Each structure stands twice: as C-alpha cells, then as structure tokens.
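Notes follow the structure.
Order of appearance sets the numbers: ligands from 1, and atoms from 1 within every ligand. Here the structure is a predicted model, which means the values were calculated and not measured. These values consider heavy atoms only, across backbone and side chains, with no hydrogens, waters or symmetry-generated copies.
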Amino acid sequence: MLVHNKWRIIRLLTLVGLSLLLVLLILFIVVMSRTFTLKENLGLQFAQWENTTIISADIIFPNVFSSSLVKHEVVGNYSHLFTVLGTDPELVPYMLLAHIDVVPANEVDGWEAPPFSAKELNGFIYGRGTIDNKQCVMGILQAVEYLLERGYVPRRGFYIGLGHDEEVYGYNGAVNIAKVLKSGGVKLQYILDEGLAVMDGIITGLNGPAALIGVSEKGQATVKLSASTRLGHSSMPPKENSIGILAAAITRLEESPMPRLFGYGPEQSTFEHLAHKFQFPLRFMMSNLWLFNPLLSRVMERRPDMNAFVRTTTAVTMFNSGVKVNVLPSHAEAFVNLRIHPAQTLQEVLDLIKSTISDNRVKLELVDGFDSLPISSYDEQSFGYQIIKKTLLDMFPQVTVAPSICIGNTDSRHYMDLTQDIYRFNPTWLRPGEPERIHGINERMSVQNYEEIVLFYFQLIQESDIRILPPSHTGQHEL
Ligand SMILES: CCCCCCCC/C=C\CCCCCCCC(=O)N[C@@H](CC(N)=O)C(=O)O
Ligand SMILES: [Zn+2]
Ligand SMILES: [Zn+2]
C-alpha cells in the first residue's frame, strides 16, 4: 500500500513538473518572438555595453501598441504615424512630431563614450541622437504610455508623426505622413516639432533661462560649385587648375559673409520679449533694436550660434577633387550649405553667391533650397503657443518664454497645408558648450532632463484638452 502511494506521488510530481516545463517553454517562445519583432521596430535600439539587444517598441510601450484609442501605421516603409482618438469630435486635433534618424557619428572623433552605446556617465546618457531627436521620440511615447496606463482618455484627438529621414530633408517620411493626413481631410490646431530649446546661460547678459519657441525657421540652400580644367602630367602644370580655381572661389565666399540682417526677422520679437531680463544698458538696447542693430550685430556675429540669428550663414561642408599625386585634377567640386535669414530670399542669396565668386569658370548649381518659413501666431489667442507656454511655465516658473526663429530645419515644413501654427521647440535644456554637441561629438542628455521631457509631453497632452483658452489678463512682458 505504502509503495503504491509512493509511485502515485512520483507520477503526480512528474506530471506537474512536465506541465510546468511546457508552460515555461511556451512563455519563452512568446516572449522571444515579440522581442525580435523587428518589422515594426522604431529604431529604438538599446545597446548593452557589449552584446547589443534590440527591443521592439511594443514591449517598451505596451499600452501605446495595444490601446483601442491608438491607431499605428507605418508610412514610407520606416516612418510612424499614431492617431490618438479624442472623445470630442468638435475639437480640432493637434500633432506632435519627432524624428528617429540621426546624422553619422564616429568614435575616433573623440567621443568619451561610443556614440551608439547609450552609456551613462555622471548622470548623462551619451549617444548620437540623444538631443536630436531621440529624446522627443521616447519622451512623447513614454508620456502617452503613462497616460494610457492611468486610464486617460483624451478629449482632443492628436497625431504623433515620427519621421525616419528628417536629416536628409524628410522627403519619404514626413512628406508621406503629411499626404496620408491630407488625403483624410485632416486639419490641425497646431504642430509641435523639434527645434529651439531652453537656453540656460547661453544668451550673454540675460538673467535666467529662456525657452525659445521657433515660430518660423530659416530657409536653406545647398549649392554645388564646380570647376574643370585640363587633365595631364603634374610635371607640366598650368598656372591654375580646378582645385585652385574652386578654392579661390570658396575663399571669396568665406571672406564676404552675407549682409547683417539682425532685427529684420522674428529675432526682433525674441529680444523684445527678453529685453526686461537684461541689465541696463543691454535692456535699453534690446528694446530699441531699430537704433542698436548695427552695434549688437557686430557683437553677436563673433559667436557662431549668435551669428546664425544675424544673417544668412554660409558653410562649405564638402570638397572633392584629385585622384593621384602626379595627375592634374580635371574636376573639383564643393558643396556649400546656407541657412537663409527671413529678410532675404533664396534667389537673392543665389545672386549674391554668383556676384561674390565672380568667376565664370566656376559652375553653380542649386541642389536643394527653400525660403524661410511663414511665421506662426504667438499672440494671446494663439492656442498652440499659449498651451506650450503654459506647460513650460507650470514646470519651470523661472524661465522666460519668447518666440524665435529656428536656425536649423525640421520635418514640420512638410505639414504646412495642414495648419498655420507650427512650433519648433524641444523641452531640452542647453547650457554653455552644449549647442556644439548637436551633430557634433559627445552628444548627450541628462537623465534628469529626460524625465522633464516626458513630464512636459505628459502635461502638454492634458493641457491641450482645454476647449478654448481662458481670457488673458497678463501684460506683454509677463507673457
Ligand atoms: C539668440 C539666442 C542664441 C541661442 C543660441 C542657439 C543655440 C542653438 C540651439 C538649438 C539648435 C537648433 C537645432 C534645430 C534642429 C535642427 C534639426 C536638424 O538638424 N535638421 C537638419 C535637417 C536638414 N537636413 O535640413 C538641418 O540640417 O537643419
Ligand atoms: Zn533633428
Ligand atoms: Zn539634426
């Protein structure tokens, strides 16, 4: 009897053990297959120090990818469009934009941590894209994830667009997302895209940090310059060859910067809004730009980041020529990238380049270009601007908010048919030395600032639910 019972217990235990093993095996297969679902991977790659693990976005943001309120579409093969339904169809939806692509990065340029390691050093996450523009991709999705997790149902619907080719003009990503929305007859209350940031100690003489919201962006031109001369033996060189001709043209361009236009674009409003935060005499000068433009421009142009607000900037970014040390170069070409001040047109810039080079042997071709973008509203009735501003001031009461012009370009320009109100701003804090990290070495984001970014979108989404703005009782400088 005892022996019989013993065998029954052993049989039972074996059965339970086997069933447990089977359940574990099934669980393992399910988890692994979800982890390696790369088809809809957002490009969110979390690199471990040595073994790279790729985690699918639906694992990190389970609510975003499973909520009945959220529709997810892949557009242009790699870009992402999320439609979040609102309960009140009367309210015009808004849109949050960010991009998942980055510019190249190379560890040998002097990175303190490998540019694709996401290594944390002294409270900062290092990596290409951490402040351009993964912080917003992750910040927006994390905010929506937290909201859904808490049972939040938006009153005002919204869209999230994550482009995959912003750094190469957005022609496949943003352009196609905008087409999808346009074909559905979508109109937007406002758009918030990447752009300017919270400047802390960046603007010389300003007391306290300033959050600059890009209500416009500079135009851009990429111009190809080329020169061709006779191919031949280097022992019998002509007086000039293609390299020398092109180099001289480039020197002339660099030695003749575009005219100073400071104060003739939205930057005038920037300094009017910030004026009360400067000490005398700067306060007086900033409030009277019409008089002090010439003086201020000459001071500002000494710093590359400030110079960007003064004029159309000229950057020679690529130069190619020559094939062998003893062969005369038959062809030389260079690319010049210009960021156009709103007080100038693309055509005026091209005419100026031509007259500055003033050499018919140098061929000029416009590769791509566009004028500066229209100015979005930023008055007290401006819904998008006021919502962004309120969200910022609730989080950072010490900040002065001012409209400005974004000196780089963004995907948002492809959405101009959907709304008149486009704002370019990242809730990223930039301190001295940090603007250089954008497209540069040691790009990084502090863990604290990343948390603030998530909170910013978390609050902004809820603030946007308001039907109409409350009447304002504030004066201009308290805006
Ligand atoms: C008067 C205040 C001075 C403040 C100093 C400004 C510091 C600069 C701060 C932010 C930089 C803005 C960068 C804007 C985002 C640019 C995104 C981007 O890189 N876009 C590409 C797109 C393209 N390929 O056209 C670009 O090259 O612009
Ligand atoms: Zn960017
Ligand atoms: Zn960029």
So, does Ile203 sit close enough to ligand 1 that a heavy atom of it is under 4.0 Å from the ligand?
yes
Where on Thr270 is there a heavy atom closer than 4.0 Å to ligand 1, on the side chain, on the backbone, on both, or on neither?
neither
In terms of atom number and element, which parts of ligand 1 are under 4.0 angstrom from non-hydrogen atoms of Tyr169?
25 (O)
Name, closest N/O/S atom of Asp132 to the Zn ion (ligand 2):
OD1
Closest protein heavy atom (residue, atom, distance) for atom 22 (C) of ligand 1
Glu166 OE2, 3.3 Å
Taking a cutoff of less than 4.0 Å between a non-hydrogen atom of the residue and any ligand atom, is Cys406 in contact with ligand 1?
yes
For ligand 1, is there an atom lying under 4.0 Å from some heavy atom of Arg339?
yes
Does Glu434 come within less than 4.0 Å of Arg444, counting only side-chain N to carboxylate O?
yes
Considering only non-hydrogen protein atoms, determine which one is nearest to atom 8 (C) of ligand 1 and report residue, atom name and distance to 0.1 Å.
Ile407 CD1, 4.0 Å
When you compare the side chains of Tyr190 and Ser464, does any donor N or O come within less than 3.5 Å of an acceptor on the partner?
yes
Atoms of ligand 1 under 4.0 Å from any heavy atom of Asp132, numbered from 1 in the order shown, are 19 (O)
Name the closest protein heavy atom to atom 15 (C) of ligand 1, giving the residue it belongs to and the distance to 0.1 Å.
Glu194 OE1, 3.9 Å
Is it true that Asp132 and His439 share a donor-acceptor pair across their side chains at a distance under 3.5 Å?
yes
Hey, would you say the Phe65 and Phe82 ring centroids sit under 6.0 Å apart?
yes
Please report the closest heavy-atom contact between Leu289 and Met286, naming both atoms and the distance.
CG-O, 3.5 Å
Closest protein heavy atom to atom 16 (C) of ligand 1, given as residue, atom name and distance to 0.1 Å
Asn409 O, 3.8 Å
the protein heavy atom lying closest to atom 19 (O) of ligand 1 turns out to be His439 NE2, 3.0 Å
At what distance is the nearest protein heavy atom to atom 11 (C) of ligand 1, and which residue and atom is it?
Ile438 CD1, 3.9 Å
I'd like to know: is the Zn ion (ligand 2) within the 2.8 Å range of an N/O/S atom from Glu166, strictly under that distance?
no
Residue portion contacting ligand 1 (non-hydrogen atoms closer than 4.0 Å) for Leu430:
side chain
Would you mind running through ligand 1 and noting each atom that sits below 4.0 Å from a heavy atom of Met306?
1 (C), 3 (C)
of all protein heavy atoms, closest to atom 25 (O) of ligand 1 is Gln220 NE2, 3.0 Å
Who's the nearest protein heavy-atom neighbour of atom 21 (C) of ligand 1, and how far?
Glu167 OE1, 3.4 Å
What atoms of ligand 1 come within less than 4.0 Å of a heavy atom belonging to Phe271?
1 (C)
For Phe383, is the NZ or CZ atom of Arg156 found under 6.0 angstrom from the centre of its six-membered ring and inside 45 degrees of the ring axis?
yes
Examine the side chains of Glu452 and Asn449 and answer whether a donor and an acceptor come within less than 3.5 Å of each other.
yes
Minimum heavy-atom separation for Gly408 to Glu217, with atom names?
O-CB, 3.8 Å
In short, Ala113 meets Asn442 closest at the heavy-atom pair N-OD1, 4.3 Å
Need one value: angle at the Zn ion (ligand 3), Glu167 atom OE1 versus His439 atom NE2, rounded to 10 degrees.
90°
Checking Gln220 against Tyr169: is there a side-chain donor and acceptor pair closer than 3.5 Å?
yes
I'd like to know if the Zn ion (ligand 3) has an N/O/S atom from His99 within less than 2.8 Å of it, counting both backbone and side-chain atoms.
no
Between the side chains of Asp421 and Gln189, does any donor sit under 3.5 Å from an acceptor?
no
No-hydrogen, no-angle side-chain donor-acceptor test under 3.5 Å, His341 and Thr312
no
With distance as the sole criterion, is a donor-acceptor pair present between the side chains of Glu145 and Asn63 under 3.5 Å?
yes
For the Zn ion (ligand 2), the nearest N/O/S atom on Glu194 is atom OE1
